[in-house]
Amino acid sequence: MKVFGSILGMLILLMLPLHVTHAAAQLNESVAANFTLSTADGEHVSLSDYAGKPVVIHFWATWCPYCKKLQPGLEKLRLKYQHTDLQMIGISFNEDADANPAQSLLDRGVGMITLVKGDKVTELYEVKGTPTTVFIDRSGHIVWITHTADPNDVNLDKALQYILQ
């Protein structure tokens, strides 16, 4: 039975790009909605600034324990692919007035750009909870959305490889 489980697991991992494609089909090849938000320093950032590049948007909140669990894994992958044009953006939402999301990530060693007050963007992307991580390919289409909190989920890396094509 253990051999069957291993083979099944390998087949699932090998099929992730098909799953990603299928997820896009379920989303009707959904084009990622453009938005403009600010960093804590007031710099304006739009999704359109990254046109033609693969983008990961990580919706999170400083109070979310599952986000804190996932973020070291996302940072590890961001560093793994830093030689590419991959863009990884954190969007903080549903925060207390005194929250400092950018500093919170920096304090934990996470270097992705952090945008704040993202509540309106969560509506655009129909985000229902934290963490929600969205993978956008070079053509601007959403190809995968996950709610995993597992920093070691191999599907995160597979999805990154897919959008980097």
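Just so it is clear, the values below take in all heavy atoms, side chains as well, and ignore hydrogens, waters and symmetry mates. Small disclaimer: the values here were computed from a predicted structure and weren't measured.
- Evaluation of the salt bridge (Lys or Arg N to Asp or Glu O under 4.0 Å) rule for Asp85 yields Arg138 as partners, not counting sequence neighbours.
- Sequence neighbours left out, not one pair with a member in residues 122-131 passes side chain to side chain donor-acceptor pair (under 3.5 Å).
- For the atom pair Ile89 CD1 and Arg78 CZ, the distance stands at 12.0 Å (nearest 0.5 Å).
- If you check the side chains of Asp137 and Ser139, you find a donor sitting under 3.5 Å from an acceptor.
- The stretch residues 46-57 participates, sequence neighbours left out, in these side chain to side chain donor-acceptor pair (under 3.5 Å) pairs: Thr36-Ser46.
- Taken from OG in Ser92 to CG in Leu115, the straight-line distance is 9.5 Å, to the nearest 0.5 Å.
- Without hydrogens or angle criteria, Lys68 side chain to Thr62 main chain gives a donor-acceptor distance under 3.5 Å.
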* Asked: Under the side-chain contact (heavy atoms from CB on, under 4.5 Å) criterion, do Leu70 and Leu156 qualify, and how do the steps go?
  -> CA-CA 11 Å; Leu70 174 63; Leu156 295 169; 3.8 Å; yes
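- Side-chain heavy atoms closer than 4.5 Å link hydrophobic residues (I, L, V, M, F, W, Y) into clusters, and following such links, even through other members, never connects Trp63 to Trp60.
- Here the options are Val143, Ile163, Val56, Ile142, the test is side chain to side chain contact (heavy atoms under 4.5 Å, CB included), and the partner is Ile136; only Ile142 passes.
- Note that CD1 of Ile145 and CD1 of Ile57 are 9.5 Å apart. Values are rounded to the nearest 0.5 Å.
- In this view, Arg108 satisfies the salt bridge (Lys or Arg N to Asp or Glu O under 4.0 Å) rule with no residue, not counting sequence neighbours.
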* To do: Could you please spell out the steps behind the side-chain contact (heavy atoms from CB on, under 4.5 Å) verdict for Trp144 and Leu160?
  => CA-CA 10 Å; Trp144 192 45; Leu160 285 174; over 6 Å; no
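- Looking only at distances, a side-chain donor or acceptor of Asp153 sits under 3.5 Å from a matching main-chain atom of Asn155.
- Scanning for side chain to side chain contact (heavy atoms under 4.5 Å, CB included) contacts around Lys80 gives Leu77, Asp157, with sequence neighbours left out.
- Phe35 and Val127 fall within the same hydrophobic cluster, defined by Ile, Leu, Val, Met, Phe, Trp and Tyr side-chain heavy atoms under 4.5 Å apart, directly or through other members.
- Between Ala33 and Leu47, the shortest heavy-atom contact is O-CD2, 3.4 Å.
- Residues Val116 and Val55 are members of separate hydrophobic clusters, defined by side-chain heavy-atom contacts under 4.5 angstrom among Ile, Leu, Val, Met, Phe, Trp and Tyr.
- Hydrophobic cluster membership is shared by Phe59 and Leu124, with clusters built from Ile, Leu, Val, Met, Phe, Trp and Tyr side chains linked at under 4.5 angstrom.
- Taking OG1 of Thr114 as the reference point, atom CG of Asp41 lies at 10.5 Å (rounded to 0.5 Å).
- Using a 4.5 Å cut-off between side-chain heavy atoms of Ile, Leu, Val, Met, Phe, Trp and Tyr, with links allowed through other members, Val134 and Val121 fall into the same hydrophobic cluster.
- For Gln82, the side chain to side chain contact (heavy atoms under 4.5 Å, CB included) partners at least two apart in sequence or on another chain are Leu79.
- For Asp119, the side chain to side chain contact (heavy atoms under 4.5 Å, CB included) partners two or more places apart in sequence, or in a different chain, are Phe93, Asn94.
- With sequence neighbours excluded, no residue satisfies salt bridge (Lys or Arg N to Asp or Glu O under 4.0 Å) with Glu95.
- Shown here is Tyr81, whose OH atom has more than 12 heavy atoms of other residues, nucleotides or ligands within 6.0 Å.
- Take His83 and apply the side-chain hydrogen bond (donor to acceptor under 3.5 Å, both in side chains) test, not counting sequence neighbours, and it matches no residue.
- Between Pro151 and Gln71, the closest side-chain pair of non-hydrogen atoms is not below 4.5 Å.
- Applying the side-chain hydrogen bond (donor to acceptor under 3.5 Å, both in side chains) test to Asp98 and every residue at least two apart in sequence or in another chain returns nothing.
- Every residue meeting the side-chain hydrogen bond (donor to acceptor under 3.5 Å, both in side chains) condition with Thr133, not counting sequence neighbours, appears here in chain and number order: His58.
- Separation of atoms CD (Glu43) and OG (Ser38) is listed at 9.0 Å; rounding is to 0.5 Å.
- A distance of 5.0 Å separates CE in Met112 from CG in Leu74, rounded to the nearest 0.5 Å.
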